[in-house]
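Letters A, B, ... are given to chains in the order of the sequence lines, protein chains preceding strands, and every chain is numbered from 1.
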There are 2 protein chains.
Amino acid sequence: MRADARRNAERLLGSAHEAFGERGVHTSLEDVARRAGVGIGTLYRHFPTREALLEALLGQRMLDLGALAERLLATEPPARALAEWLRAVVQHSMTYHGVAASLMVGMLDETSELGVSCAVMRRAGAEVLAAARRAGVVRPDAEAVDLLVLANGIAWAAENSSCGQPRIDRLVSILLTGLLVA
Amino acid sequence: MRADARRNAERLLGSAHEAFGERGVHTSLEDVARRAGVGIGTLYRHFPTREALLEALLGQRMLDLGALAERLLATEPPARALAEWLRAVVQHSMTYHGVAASLMVGMLDETSELGVSCAVMRRAGAEVLAAARRAGVVRPDAEAVDLLVLANGIAWAAENSSCGQPRIDRLVSILLTGLLVA
DNA sequence: ACCTGAACACCGTTCAAGT
DNA sequence: ACCTGAACACCGTTCAAGT
């Protein structure tokens, strides 16, 4: 790739992170291009869809969540690893306003654009859940996708209105109580 | 109201129900007007916003959910009333594709356009929850809005992809397990 | 009093021309 | 090889003219 093209791609990612952070993932793509100082066509050349831009922004974080799962499983008891990891997933799905919806689609539809990156999370979720199941601390009918769907649902609720951190914590707690067996 | 105006309003509601059902709540309003055989201006005259149209369509159903809460509380033990009512709320939030998002805003923001109709549900949820709390079958820190937020989150997950009824039932079951105390 | 639909605005997306 | 931005398409919303 030519040096100026690479620089443009990086500037676009920086601008997108900034714009998505300030105005949500549905902000105008013209806005993103303008902030990066490039034409709208350049944005489309590098990132043919809004989801492609999102995938580039979230991909590394999803890998981080995979690594977090490994670390938690190595150092914490399974129930605690599950709890901590789910909290991190909820926070991740709140990175940008509106991103929970894209992640939900990615979780449930493996062929979607975010589906590839989400596969990392599905696998991590499955491992965390499997460990909890082996330890007998989780209801046996729960599936990994269930965790991710509920975590995303909570994140989506939180981003959708004046839903403060205390409520988020309580919702996660309710979810965990529902998953874990006494 | 003039007879033709009333007839137009009714035709618009019928067309909106049909169009929202087939294509989701984000279908073009031109589409709704066309199906009703009226100009787009007439749609805007009767229903100044998409949310106003939704409110007219969902208002009666929300009253029905309030009545269902009363009936369940009169005939069922509190834990069962809570379970049944939550299931009905999830189904209600799946009436049209995309409606869970509008209802979530209505639940959490009382000043929103759907907030008025949602007040009925907030009150019904509070009564169902209060009965369960008096019976000591529910965790004491749960709030009525928590129920509605989680139910909406499940409905939203369900409408967002190939999330079948078995998964929906399991998600509701996890939610209930998290709410109820043994 | 109500209805109509042309007109305007806004944004997503493409592509011919330029460097 | 890449960039630009004008051009086109689509849809939401308003409002002057008509009935």
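- The side chain of B:Val38 lies closest to C:dT4 when the candidates are C:dC3, D:dG12, C:dT4.
- The closest side-chain heavy-atom distance from B:Leu54 to B:Phe47 is not below 4.5 Å.
- Residue B:Ile40 has its side chain nearest to C:dG5 when only C:dC3, C:dG5, D:dC3 are considered.
- OP1 or OP2 of C:dG12 has at least one side-chain nitrogen or oxygen of A:Ser28 nearer than 4.0 Å.
- Listed pair A:Thr42 / D:dC2 fails the phosphate criterion, with no side-chain N or O lying under 4.0 Å from OP1 or OP2.
- Heavy atoms from other residues, nucleotides or ligands lying under 6.0 Å from CD of A:Glu143 number more than 12.
- Counting only heavy atoms from C-beta on, B:His46 has its side chain closest to C:dC3 among D:dC2, C:dC3, D:dT13.
- In this structure, B:Arg23 places its CZ atom where only 12 or fewer heavy-atom neighbours from other residues, nucleotides or ligands lie under 6.0 Å away.
- Minimum interatomic distance between B:Gly66 and B:Ala124 (heavy atoms only, all atoms of both residues): CA-CB, 4.0 Å.
- Heavy-atom nearest nucleotides on DNA chain C were determined for B:Ala9 and for A:Tyr44, and the one closer to the 5' end corresponds to B:Ala9.
- With DNA chain D read from its 5' end, the first of the two nearest nucleotides for A:Gly37 and A:Glu30 is the one closest to A:Gly37.
- Of the listed nucleotides (D:dC3, C:dC3, D:dT13), D:dC3 has the atom at the smallest distance from the side chain of A:Asp4.
- Look at B:His26 and you won't find any side-chain N or O under 4.0 angstrom from OP1 or OP2 of D:dC11.
- In this structure, A:Asn8 reaches the D:dC3 phosphate: one of its side-chain N or O atoms is under 4.0 Å from OP1 or OP2.
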